[in-house]
Amino acid sequence: MTYTVAALLGLAGAVAVDLFVLRTRLLASLAFWATYPIVLLFQLLSNGILTGRGVVRYAPEAITGLRVAYAPVEDLVFGFALVLFTLSLWVWTGRRRRSARP
């Protein structure tokens with residue numbers, strides 16, 4: 001399995017969890033999209049340091065080769081999926097705790 005396929009599967013899983021499993025619907029939230037650029041900025045910064053300096057290298061056949069500021073697009077897709085999945089769990093847990101209070 002290539003990193004591209006893994007990233008796309010991770011994205012599909014995170015979207016499914018957000019919209020259908022936990023029903024947090026963060027993807028429909030303006031707050032999510034308004035704040036995601038902050039995450040993206042730091043993701044690009046850290047990824048640029050790691051991949052730009054050669055600390056992390058990818059096999060050319062495992063990625064598409066498209067990059068944004070040194071970051072393979074697969075890293076950005078996978079990072080987006082991780083952030084979405086984590087925030088979905090966080091929001092869902094917070095809602096459950098609020099509804100469990102007497």
Side-chain angles (χ1 to χ4, degrees):
M1 176 182 306
T2 66
Y3 191 43
T4 305
V5 171
L8 292 174
L9 287 173
L11 177 62
V15 168
V17 166
D18 176 50
L19 297 177
F20 306 113
V21 177
L22 301 179
R23 296 184 181 151
T24 51
R25 299 189 43 79
L26 293 177
L27 290 174
S29 161
L30 180 60
F32 177 82
W33 292 108
T35 56
Y36 188 74
I38 298 167
V39 174
L40 182 61
L41 172 72
F42 285 101
Q43 184 181 4
L44 288 170
L45 179 65
S46 61
N47 204 299
I49 292 168
L50 293 173
T51 58
R53 294 182 159 266
V55 175
V56 176
R57 295 182 190 169
Y58 298 93
E61 64 275 2
I63 61 174
T64 62
L66 298 172
R67 292 180 181 262
V68 177
Y70 295 108
V73 292
E74 292 86 352
D75 274 1
L76 301 178
V77 171
F78 194 64
F80 179 85
L82 287 173
V83 168
L84 177 61
F85 182 75
T86 301
L87 289 176
S88 294
L89 285 174
W90 186 15
V91 168
W92 180 77
T93 302
R95 287 177 184 170
R96 286 191 51 135
R97 286 187 181 163
R98 261 192 316 244
S99 67
R101 291 184 184 162

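- A distance of 10.5 Å separates CH2 in W92 from CZ in R97, rounded to the nearest 0.5 Å.
- A 6.0 Å sphere centred on CZ of R23 holds no more than 12 heavy atoms belonging to other residues, nucleotides or ligands.
- Closest approach of T51 to P72, counting heavy atoms only: CG2-CD, 4.3 Å.
- Of all non-hydrogen atoms in A81 and A14, the two that sit nearest each other are O-CB, 3.5 Å.
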Quick one, L76 with L40, criterion side chain to side chain contact (heavy atoms under 4.5 Å, CB included). Give me CA distance, side-chain angles, the key distance, then yes/no. CA-CA 8 Å; L76 301 178; L40 182 61; 4.0 Å; yes

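- Contact between L84 and L26 at its shortest, heavy atoms only, is CD1-CB, 4.1 Å.
- Between the side chain of D18 and the backbone N or O of S88, no donor-acceptor pair lies under 3.5 Å.
- Evaluation of the ring pair (Phe, Tyr, Trp, His ring centres under 6.0 Å) test over residues 24-67, restricted to residues two or more places apart or in two chains, returns Y3-Y58, F32-Y36, F32-F80, W33-F80, Y36-F80.
- Criterion: ILVMFWY side-chain heavy atoms under 4.5 Å apart, direct or through other members. Under it, L89 and V21 are part of a common hydrophobic cluster.
- Pairing each heavy atom of E74 with each of T4, the nearest pair is OE2-OG1, 2.5 Å.
- Grouping the Ile, Leu, Val, Met, Phe, Trp and Tyr side chains by contacts below 4.5 angstrom, directly or via other members, places V77 with V68.
- Shown here is L41, whose CG atom has more than 12 heavy atoms of other residues, nucleotides or ligands within 6.0 Å.
- L22 and V15 fall into different hydrophobic clusters, defined by Ile, Leu, Val, Met, Phe, Trp and Tyr side-chain heavy atoms under 4.5 Å apart, directly or through other members.
- A donor-acceptor pair is defined here as one N or O able to donate and one able to accept, closer than 3.5 Å; such a pair exists between the side chain of Q43 and the backbone of D75.
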Applying side-chain hydrogen bond (donor to acceptor under 3.5 Å, both in side chains), run through T2 and E61 and close with a yes or a no. CA-CA 8 Å; T2 66; E61 64 275 2; over 6 Å; no

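- Cluster membership for V83 and L19, using ILVMFWY side-chain heavy atoms within less than 4.5 angstrom, is shared.
- Residues V73 and Y70 do not share a hydrophobic cluster, defined by chaining ILVMFWY side chains whose heavy atoms lie under 4.5 Å apart.
- Between L82 and T86 the shortest heavy-atom distance is O-OG1, 2.8 Å.
- In this structure, the separation between CG on L8 and CE on M1 is 10.5 Å, given to the nearest 0.5 Å.
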